[in-house]
Amino acid sequence: MRQTVKALKPMIEGFIETNGELSLKRTLKSGQAFRWRLTNDGTDWVGVVRNTHVVQLTQQPDGKHIHYRVLNGHEDNDHNQEIKPTVKGRKRLKTSDESDGENPKDQYFYSQLISDYLRLDVNLTDLYDKWSKSDDKFAAIAVNMSGVRVLRQNFAETLFSFICSSNNNINRIEKMIETLCQKYGKVLYESHPELGTIHSFPEITRLAEESVEPELKKLGFGYRSAFIHRSAKTICDEYKCPEKWSQELAQMPYSEARQALQRLPGVGPKVADCIALMALNHLESVPVDVHVFKIAQHMYLPHLKKNKSLTHKSYQEIGDFFRSKFGPNAGWAQAVLFCADLKQFKQ
DNA sequence: CATTGACCTGTCCTG
DNA sequence: GTGTCCAGGTCAATC
């Protein structure tokens, strides 16, 4: 029997103007987020925003708008959650009023929520122009690589996702994260026709429980089981309120945040930089993985070709080079080059 | 200090 | 069907 209760409440949806500065594919599937899935024959992206809202995003044919739909937006407790966009969007990001009969307050709220997650308050055209002027190689690549955005992501999810990423491949990372959500997260949306039940990412306090490590071992997490549990426990024990700690990390200078993060087991320089860039708004952070290492060797710092692998020294050198070349948003420039180098995005 | 292996596991690729 | 290598690193033990 089909339930009709949900259909009685209006679906929250609308359009967001992007000024051609957003490629969903290049942004959601370039290795910064691991939970976005392509549905409906490859037209719609479905994922979780702010760890509370199941959102479907669709790139419009005009290239200048995305359509959004909040799949679990009818829940009664919706506004009780502590979701507040951290940045006020620019005026041009206002939703259109094309779908009449809906609560404009809700529409505004959700378009702000999604714009914030996609960091649409940043004018990407200006950034691309600036980076292209300071680097011909970037300019050549960027013309075919528009709309790569650095997301503003949830702290805990970013932390544990990238702990999982060490010495690992994307396919397994995605599976492990999905397992974490199903086992320790809350149900956000039931019975999606293609994706099944969609869960939130677990609370840090949940991952700090003693049973977690042996359970994860059984689930095939390997040595990362201990990293995950011990990191969660460290945060709960030492910082009491994880949410507050992440805010402090965002406030303090990049180098200090990076240093503080590396005290967590399973968090080295690269993972710390990923968290700093993607969840703490430290856009000067340049995560250097083997991929970026190769880019640096071939495009910018040929003397590093003699290095077989990444050392602390070369790691620092590459980051500093990117910062000197691209400025305070170097991490974002790096994301564009990284994206261009991914196999799936090569022409 | 900078460098070098071991580390869990699923998968791809040979023989 | 077995064996091997490797994948978006980190840690700890040695130069």
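In what follows, chains are A, B, ... by sequence order, proteins preceding strands, each numbered from 1.
Applying the side-chain hydrogen bond (donor to acceptor under 3.5 Å, both in side chains) test to residues at least two apart or on different chains, the pairs with a partner in residues 285-294 of chain A are Asp273(A)-Ser285(A), His291(A)-Asp341(A). Sorted by first and then second residue, the salt bridge (Lys or Arg N to Asp or Glu O under 4.0 Å) pairs with a member in residues 315-334 of chain A read Asp320(A)-Arg323(A); sequence neighbours excluded. Applying the salt bridge (Lys or Arg N to Asp or Glu O under 4.0 Å) test to residues at least two apart or on different chains, none of the pairs has a partner in residues 131-148 of chain A.
Residue Ile163(A) is out of contact with every strand shown, counting any heavy-atom pair closer than 4.0 Å. Looking at heavy-atom distances under 4.0 Å, Ser161(A) makes no contact with the nucleic acid at all.
If you check residues 254-282 of chain A against DNA chain C, the residues with a heavy atom closer than 4.0 Å are Leu264(A), Pro265(A), Gly266(A), Val267(A), Gly268(A), Pro269(A), Lys270(A), Val271(A), listed by number. For the contact set between residues 316-335 of chain A and DNA chain C, defined by any heavy atom under 4.0 Å, there are no members.
For Arg206(A), the salt bridge (Lys or Arg N to Asp or Glu O under 4.0 Å) partners two or more places apart in sequence, or in a different chain, are Glu209(A). For Arg69(A), the salt bridge (Lys or Arg N to Asp or Glu O under 4.0 Å) partners are Glu13(A), not counting sequence neighbours. The salt bridge (Lys or Arg N to Asp or Glu O under 4.0 Å) test applied to Glu203(A) returns no partner, not counting sequence neighbours.
Projected onto DNA chain B by closest heavy-atom contact, His312(A) and Phe221(A) fall at different nucleotides, the more 5' of which corresponds to His312(A).
Remark: the separation of the P atoms in dC13(B) and dG8(C) is 14 Å, to the nearest Å.
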So which protein nitrogen or oxygen atoms get under 3.5 Å of nucleotides 12-15 of chain C's nitrogens or oxygens?
none

Any N/O pairs under 3.5 Å between the protein and nucleotides 10-13 of chain B? List them or say none.
from    : atom 1 : to        : atom 2 : distance (Å)
dT11(B) : OP1    : Lys175(A) : NZ     : 3.4

Show me the donor-acceptor pairs within less than 3.5 Å that the side chains of residues 210-222 of chain A make with the rest of the protein, sequence neighbours left out.
from      : atom 1 : to        : atom 2 : distance (Å)
Glu215(A) : OE1    : Tyr184(A) : OH     : 2.5

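Ring orientation note: the planes of Trp245(A) and Tyr239(A) are close to parallel, at an angle under 30° on the 30°/60° scale.
Between Ile173(A) atom CD1 and dT9(B) atom P the separation is 16 Å, expressed in whole Å.
In DNA chain C, runs of at least 3 stacked Watson-Crick or G-U pairs (N1-N3 plus N6-O4 or O6-N4, or N1-O2 plus O6-N3, all under 3.5 Å) give these stems: B:2-7 with C:9-14.
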